[in-house]
Amino acid sequence: MKNTLSIYNTLSRKKEVFEPLHAGKVGMYVCGPTVYGDAHLGHTRPAITFDLLYRYLMHLEYKVRYVRNITDVGHLVGDADEGEDKIAKKAKLDEVEPMEVVQKYTNNYRNDMRKLNVLPPNIEPTATGHIIEQIEEVKKILEAGYAYESNGSVYFDVEKFAKNHDYGKLSGRRIEDLLENTRQLDGQNEKRSGLDFALWKNAAPEHLMRWPSPWGIGFPGWHMECSAMSTKYLGKEFDIHGGGMDLMFPHHEAEIAQCVASNGHESARYWMHNNMVTINGQKMGKSLGNFITLEQFFNGEHDLLEQAYSPMTIRFFILQAHYRSTLDFSNEALQAAEKGMERLLKATTVLQTLTASNESTVDVNALEAKCYAAMNDDINSPILIAHLFDGVKMINSISDGKATINADDLAKLQQLYQAFVFDILGLEATEAGSSNDDSEKMDGVMQLLLEMRQSAKTNKDWATADKIRDELKSIGIEIKDTKEGATWELK
RNA sequence: GGUCUCUUGGCCGAGUGGCUAGGCAGUGGUCUGCAAAACCACGUACGGCGGUUCGAAUCCGCCAGAGACCUCCA
């Protein structure tokens with residue numbers, strides 16, 4: 001039951017049973033961020049999608065090597081400039097070293113991911129740290145005859161490759177269509193065809209990031225790093241390659257071509273693509289300028305945000321949609337996610353306090369089977385979450401005495417929620433007040449106030465009881481009366 | 001222009017040829033001194049028009065609308 005994971009393979013356009021290349025082991029490569037700006041909501045989609053997959057594979061007891069790169073060189077700014085590196089351009093703007101920019105945004109990215117409880121990959125290689133490997137790959141492609149040198153740059157010969165290979169198989173493109181739709185880009189005159197892409201690019205004198213190569217001073221092409229680094233750390237053939245849908249063409253298509261040209265066969269067996277986060281129905285993206293950074297979500301400082309949203313709310317929001325669907329941002333949707341998640345997490349706390357009876361009136365095995373079925377069906381987290389909410393009703397009913405559970409089932413249910421809510425979905429309970437001295441004192445003060453209010457209530461002194469409640473509320477402390485007594489929380 | 005995808009109830013979002021998705025909001029109830037919170041219960045749906053079928057929101061066609069990629073992008 002646990003081991004019938006199916007995943008949607010972009011190559012075949014259907015769900016396939018996942019069978020690793022080597023029994024019990026999984027190699028997976030995911031395209032990481034370009035570190036020239038703060039991470040925004042869109043960046044969380046692949047990070048959380050593949051974190052979910054990584055966590056689930058580990059839960060299934062696979063030994064996983066998860067590689068996610070940091071792109072710190074190699075992408076062009078746009079077609080208007082002179083082939084200048086994105087990172088170099090920003091660096092000049094800020095008048096700092098390119099590597100300083102890279103370091104800053106890498107740090108920010110890792111920091112944001114940690115807040116989102118995204119597990120760090122096993123290897124997080126950088127493009128600048130693998131220039132030698134990339135040059136070696138370019139050499140191999142030249143030797144294989146699928147590339148040519150021009151003016152100190154090396155280009156991949158797409159038309160030649162397409163004669164005996166299927167260029168466009170991943171993205172569903174036909175070479176004839178592509179040939180009709182090429183645009184004027186930098187270096188076009190150096191290329192034999194508009195479809196050809198750079199494997200190595202000659203650096204202009206003002207270009208800051210530059211390395212020596214057999215073809216002169218330059219920098220690696222846009223798609224080279226993923227081929228070189230996936231091969232180095234996962235081998236010439238590996239299990240899963242992931243990334244955003246927008247990378248399918250040309251990036252992943254070029255990667256496939258590079259690997260085939262250099263190794264004689266394709267590298268990744270399963271290609272997985274997450275869909276986009278939209279805002280007002282349109283893709284949230286760097287180039288459109290309609291993005292909201294994670295930092296802005298966390299502190300609420302953006303015109304479109306009605307409030308701050310915790311990292312866990314963002315994570316739950318992402319997980320409530322299937323990774324292959326678009327997900328539309330709105331305050332209403334995020335607030336719904338926030339409340340729903342609180343209810344789910346609260347139930348996990350209640351679950352720890354349940355006591356066992358002799359008989360079970362609930363079916364824990366059926367719930368467990370449904371949870372695995374959901375995850376095995378192309379890691380369908382929204383379905384999983386729906387089942388977990390059914391379980392919330394079960395937990396609350398037992399807590400209310402409307403249902404009973406025996407000791408074995410209770411242990412199983414507790415394990416189930418630990419596994420699915422915390423280990424697999426990667427949610428974590430919101431920090432219930434840090435345990436420093438101040439919060440301990442605060443807690444003491446609050447206990448005193450609650451006791452005073454309770455005695456006022458006992459004396460039917462409603463004026464005093466309500467004054468305590470209302471005045472605390474006005475300074476942002478909310479009292480909640482429960483069956484077990486009053487509790488408080490900061491709002 | 002080319003290729004492809006999507007259109008589900010107030011909002012977000014699953015799924016499927018016939019069997020309740022789920023969450024949030026809303027309504028009713030339980031609890032409470034009152035309220036909040038919490039818990040329980042309950043609607044409303046499958047863009048339009050045709051077709052296939054015993055039966056379609058689910059398959060096919062047309063129309064309308066939205067989007068993605070074709071250029072860096074998660």
Distance between P atoms of B:A64 and B:A25 (Å, rounded) | 39 Å
Does A:Arg173 make a cation-pi contact with A:Phe249 (under 6.0 Å, within 45 degrees of the axis)?
-> yes
Please step through side-chain contact (heavy atoms from CB on, under 4.5 Å) for the pair A:Asn117 and A:Met312, ending with a clear verdict.
-> CA-CA 8 Å; A:Asn117 205 21; A:Met312 277 308 109; 3.6 Å; yes
When all nucleic acid strands are considered with a 4.0 Å heavy-atom cut-off, which category describes A:Ser325: base, sugar-phosphate, or nothing?
-> sugar-phosphate
Pair assignment for B:U58, Watson-Crick or G-U wobble, requiring both distances under 3.5 Å = none
Sugar-phosphate, base or nothing in reach of A:Lys346, heavy atoms under 4.0 Å | sugar-phosphate
Return the 5'-most residue of the pair A:Leu247, A:Leu288 with respect to RNA chain B, ranking by each residue's nearest nucleotide.
-> A:Leu288
Could you check whether A:Thr326 gets within reach of a base, just the sugar-phosphate, or nothing at all, counting any heavy atom under 4.0 Å?
-> sugar-phosphate
Cation-pi geometry met for A:Arg324 and A:Tyr8 (6.0 Å, 45°) = yes
State whether A:Asn396 places a side-chain N or O below 4.0 Å from either non-bridging phosphate oxygen (OP1 or OP2) of B:C40.
-> yes
Which nucleotide in the set B:A35, B:A14, B:G2 lies at the smallest distance from any side-chain heavy atom of A:His322?
-> B:A14
Write down the distance separating the C1' atoms in B:C63 and B:U7, rounded off to the nearest Å.
-> 14 Å
Is NZ or CZ of A:Lys286 both nearer than 6.0 Å to the six-membered ring centre of A:Tyr36 and within 45° of the ring axis?
-> yes
Can you find a donor-acceptor pair, distance only, under 3.5 Å between A:Arg469 side chain and B:C34 base?
-> yes
Among the nucleotides B:C73, B:C24, B:G33, whichever has the atom closest to the side chain of A:Lys339 is B:C24
Taking the side chain of A:Asp481 as its heavy atoms from C-beta onward, which of B:C73, B:A35, B:C70 lies nearest to it?
-> B:A35
Would you mind telling me which of B:G13, B:C72, B:G2 lies closest to the side-chain atoms of A:Arg173?
-> B:G2
What is the distance, rounded to the nearest whole Å, between atom NZ of A:Lys169 and atom P of B:C4?
-> 18 Å
Sugar-phosphate only, base, or nothing, as touched by A:His40 at under 4.0 Å among non-hydrogen atoms = base
RNA chain B: A:Lys457 or A:Arg13, which has the more 5' nearest nucleotide?
-> A:Arg13
Could you check whether the rings of A:His241 and A:His252 sit parallel, tilted or perpendicular, using 30° and 60° as the cut-offs?
-> perpendicular
Could you walk me through whether A:Ile240 and A:Met272 pass the side-chain contact (heavy atoms from CB on, under 4.5 Å) test, one step at a time?
-> CA-CA 7 Å; A:Ile240 299 170; A:Met272 296 177 73; 3.8 Å; yes
Any strand: nucleotide that pairs with B:A38 via Watson-Crick or wobble, under 3.5 Å = B:U30
Does the side chain of A:Lys283 get closer than 4.0 angstrom to OP1 or OP2 of B:C69 through an N or O atom?
-> yes
A:Ala333 side chain, from C-beta outward: closest of B:U71, B:A35, B:C12 | B:C12
Quote, to the nearest angstrom, the P distance that separates B:G50 from B:A57.
-> 13 Å
From the options B:A36, B:G23, B:C70, select the nucleotide whose nearest atom is closest to the side chain of A:Lys480.
-> B:A36
Separation of the C1' atoms in B:A38 and B:C11, to the nearest angstrom = 23 Å
Between B:C4 and B:U8, how far apart are the P atoms? Round to whole Å, please.
-> 23 Å
With a non-hydrogen cut-off below 4.0 angstrom, is A:Gly281 in contact with a base, only sugar-phosphate, or nothing?
-> sugar-phosphate
Mind checking the C1' distance from B:A45 to B:A14? Whole angstroms is fine.
-> 13 Å
A:Phe249, nearest nucleotide to its side chain (from B:C69, B:C39, B:G23) | B:C69
With a non-hydrogen cut-off below 4.0 angstrom, is A:Ala386 in contact with a base, only sugar-phosphate, or nothing?
-> base
Tell me what A:Asn275 touches on the nucleic acid: a base, only sugar-phosphate, or nothing, going by heavy atoms under 4.0 Å.
-> base
Nearest-Å distance, CD (A:Glu332) to C1' (B:C24)?
-> 8 Å
Closest listed nucleotide, where the reference is the side chain of A:Thr34 and the choices are B:U3, B:C73, B:G22 | B:C73
Using a heavy-atom cut-off of under 4.0 Å over every strand shown, decide if A:Gln282 touches base, sugar-phosphate, or nothing.
-> sugar-phosphate
B:G15 and B:G22, which share atom name C1', separated by this distance in whole Å = 11 Å
With under 30° as parallel and over 60° as perpendicular, where do the rings of A:His223 and A:Phe197 fit, or are they tilted in between?
-> perpendicular
So what does A:Met248 hit on the nucleic acid, given a heavy-atom distance under 4.0 Å: a base, only sugar-phosphate, or nothing?
-> nothing
Given B:G23, is OP1 or OP2 found less than 4.0 Å from the side-chain N or O atoms of A:Arg343?
-> yes
Parallel, tilted or perpendicular: rings of A:Phe50 and A:Tyr323 (30°, 60°) | tilted
Spacing between A:Arg324 atom CZ and B:U5 atom P, to the nearest angstrom = 12 Å
Between A:Glu295 and A:Lys115, does at least one N-O distance fall below 4.0 Å, as a salt bridge requires?
-> yes
Any strand, both distances under 3.5 Å, Watson-Crick or G-U wobble: B:C69 pairs with B:G2
Nearest-Å distance, CD (A:Glu253) to P (B:C73)?
-> 15 Å
Counter-base of B:C19, judged by Watson-Crick or G-U geometry with both distances under 3.5 Å = none
To the nearest Å, give me how far apart CZ (A:Phe389) and P (B:G22) are.
-> 11 Å
Do other residues, nucleotides or ligands put more than 12 heavy atoms under 6.0 Å from the CG atom of A:Asn280?
-> no
Nearest-angstrom distance from the residue atom CD1 of A:Ile314 to P of B:C12 | 17 Å
Would you indicate which nucleotide in B:G13, B:A36, B:G33 comes nearest to any side-chain atom of A:Asp328?
-> B:G13
Paired with B:G10: which nucleotide, if any, by Watson-Crick or G-U wobble criteria at under 3.5 Å for both distances?
-> B:C24
Under 4.0 angstrom, heavy atoms only, what part of the nucleic acid is A:Leu327 near: base, sugar-phosphate, or nothing?
-> sugar-phosphate
To the nearest angstrom, the CD-P distance between A:Glu342 and B:C39 comes to 11 Å
Within less than 4.0 Å of OP1 or OP2 of B:U30, is there a side-chain N or O belonging to A:Lys402?
-> no
If we take the C1' atom in both B:A68 and B:G55, what is their distance in whole Å?
-> 35 Å
Gap between atoms OH and P, on A:Tyr167 and B:U3 respectively (whole Å) = 18 Å
Examine the base of B:G33 for any acceptor or donor lying under 3.5 Å from a partner atom in the side chain of A:Asp466, and report the outcome as yes or no.
-> yes
With a centroid cutoff of 5.5 Å and a plane-angle limit of 30°, would you call A:Trp462 stacked on B:G33?
-> yes
